[in-house]
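Following: one structure in structure tokens, then a few remarks.
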Amino acid sequence: MTRATAPYGSWASPITSALLTSAGITFGELQFSNGRLYWLESRPDEAGRVVLVSTELRDGGRIPEDRILEVRNSASVPQFNVRTRVHEYGGGAYFVQGDIVFFTNFTDQRLYRQDPGGDPKPITPAPPTPASVRHTDGRVTPDGRTIICVRERHEQGREAINEIVAMPADGSSEPRIMLSGYDFYSFPRISPDGRRLAWTCWRHPQMPWDGTELWVADLGADGMITNSRRVAGSHSESIFQPAWNADGTLFFISDATGWWNLYADQNGKAVPIFEAEAEVGVPQWLFGYSRYAFLSSSRVACIYSKKGLDYLAVVDARSRSVNVLKIPYTTMGHIESDGIDTLYFVGASPTRAPEVVALEAGPGRPRTLKSSLDVAIDPEYFSEPEPIEFPTSNGLTAFALFYPPQNKDLTGPTGERPPLIVFSHGGPTGATTSALRLAVQYWTTRGFAIVDVNYGGSTGYGRPYRERLKGNWGIVDVDDCINAARYLEKRGDVDGKRMAIRGGSAGGYTTLCALVFHNVFGAGASYFGVADLTALAQDTHKFESRYEEGLVGPYPQAAELYRRRSPVNFADRLSCPVILLQGLEDKVVPPSQAEIMIKALRAKGLPFAYLAFPTEGHGFREAANIQRSIEAEFYFYSRIFGFNLADKIEPVEIENL
């Protein structure tokens, strides 16, 4: 079929903004218990509510999905949102013991218990002020009597207090503090015999990917610990996901070699189980991560990342033999097993949206239990990413995924090159993946090229690459984004006069730095981005309150450096239009950051648009807001770069245009 010709940016696309949200379910935190598989789903069309669902698995098949934690026998029972606010980013919001589910409800942050066939009941006291006592990352002792979890307490006039607590599983008495004194705790894990407890912890100013400690102690019947010993970790060694196998051996992930690899604690010595120049671990932004799972005492399945792609391997812990499974996924996460021969994980590829997968670890074929995309889209509309390695500053190279425009019905005019949008991911310690994302295909099917940059500081390329950003935030990340764009312009893939950059949170900071301190891009979009590092250092939550020490320098000693790295202080250098999008309930990057930038843009008389969303926090969750934000950004580019829209989009007010 011959494709029609139309200017880039003006192509009609089957991927609408409504499809982004209706197909925007995300999956996470798989757990297997008593023949049932559980997972969390974040649903934009339910105002971003996170729902716990489960599937009963029988004879290799499954019974249709069963929603848990819904309104049951009485209209007075509310709908629940399974989400915790510990560290503000959350994760680890539920756990299962047998058929009993325990979870944190977002509204009040209390811990609830739901027995089979019953309604959820709170088992922690009502906090002194709303949502001031939060719970996450829990486990139940083998006898079912005691819960051990991380708790975070917010008291007026002081920094939040993080600790590990024990409490009766029936809520018959209040939690008791087991561990305190470190600034942060995670991964409290109980041995199969219930006699030992492992956990990780770290102190300011470390972030968990900088340095954490792994400890083990004897666990008494009263839920208290004795004989604590440090197993591994330090201020310069990051430990991730400790877990006990069936015979009571403690496994964990360490980056002692510069790569997050898998180890076992054998007679007090860290013994490597899986060694490779690849990452089994990921940055611990959330609780509840799982990157490996036990098939037996000696067989471990682990996900590892290498040069932007994920792989799944089964490792024999005794012989150290490794079998890399051939499966049609290049991005994976949240792996679980039945402890025998079947693995469960979230998998995706450039042409497959994230899905919950069951896979027999032998020669079995993967089975899709649920897909995030239930709308059929011809794969000929999808742009498949090209992994690129490009030259950047200081004689180094950096990495990105390049998506050319793709639409089976349309092509661009002869001699015209497409506009480019540079995607700058958040974190900044994070990474983009090759998973099919309709939020990328939304642009490529309309005639945009996209380059999704894993700039220096990103995870997945080893500790030295991750540490390129130390002291260099706003420099290395910006240089890599600029050099990715220039590389593609020089290669002839894109129109160098129509290049934009966009990002959220830390990616928004990179975006603003690129627009203020350089003259490469013709437009930018900042989603809840940092504009003033000084204000951020003085007005953010505990988890990230010392993060900038590693990225920029200690504050206030390095106050002048913070000033020089803050785009808002040099807004007079800004020479291109910007759209800013901000949630007014954001506690990570407060709205004051966007408001400061707006004042500077208005004073300079540059074209800009500002959209504020009263009910959103850090990251947009509600369907209507997600749709509005991407349509607004698209409309903004159409006015700045001068092309007509094929979509009917509500106009955005652009001041000074």
With no hydrogens and no angle check, do the side chains of [X] and [Y] hold a donor and an acceptor under 3.5 Å apart?
X: T444; Y: Q441; answer: yes
X: T5; Y: T411; answer: no
X: T331; Y: D310; answer: no
X: Y461; Y: N454; answer: yes
X: E355; Y: S372; answer: no
X: E631; Y: S17; answer: yes

Does NZ or CZ of R502 fall inside the cone over F423's six-membered ring, less than 6.0 Å from its centre and within 45° of the axis?
->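 Yes; both conditions hold, so R502 lies above the ring face of F423.
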Taking [X] first and then [Y], would you say they form a salt bridge - that is, a charged N and a carboxylate O separated by under 4.0 Å?
X: E279; Y: K306; answer: no
X: R563; Y: E560; answer: yes
X: E416; Y: R498; answer: yes

pair E549-K470: side-chain heavy atoms closer than 4.5 Å =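 Sidechains of K470 and E549: no contact.
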Could you check whether [Y] and [X] have their ring centres less than 6.0 Å apart?
X: Y442; Y: W11; value: no
X: F27; Y: H334; value: no
X: F399; Y: F390; value: no
X: Y509; Y: W473; value: yes
X: Y455; Y: Y465; value: no
X: H618; Y: Y527; value: no
X: Y555; Y: Y562; value: yes

Hey, mind stepping through Y637 and W443 against ring pair (Phe, Tyr, Trp, His ring centres under 6.0 Å) and telling me if it holds?
-> CA-CA 11 Å; Y637 293 149; W443 298 104; 5.6 Å; yes
Worked verdict on V478 versus H518 for side-chain contact (heavy atoms from CB on, under 4.5 Å) | CA-CA 9 Å; V478 174; H518 303 269; 3.6 Å; yes
Are the side chain of W285 and the backbone N or O of G90 linked by a donor-acceptor pair below 3.5 Å?
->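 Absent.
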Residue D378 excluded, over 12 heavy atoms near CG under 6.0 Å |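 Atom CG in D378 is crowded, with more than 12 foreign heavy atoms closer than 6.0 Å.
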Quick one: ring-ring contact (aromatic ring centres under 6.0 Å, His included) partners of F613, sequence neighbours excluded?
->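 Counting only residues at least two positions away or on another chain, F613 forms a ring-ring contact (aromatic ring centres under 6.0 Å, His included) with F620.
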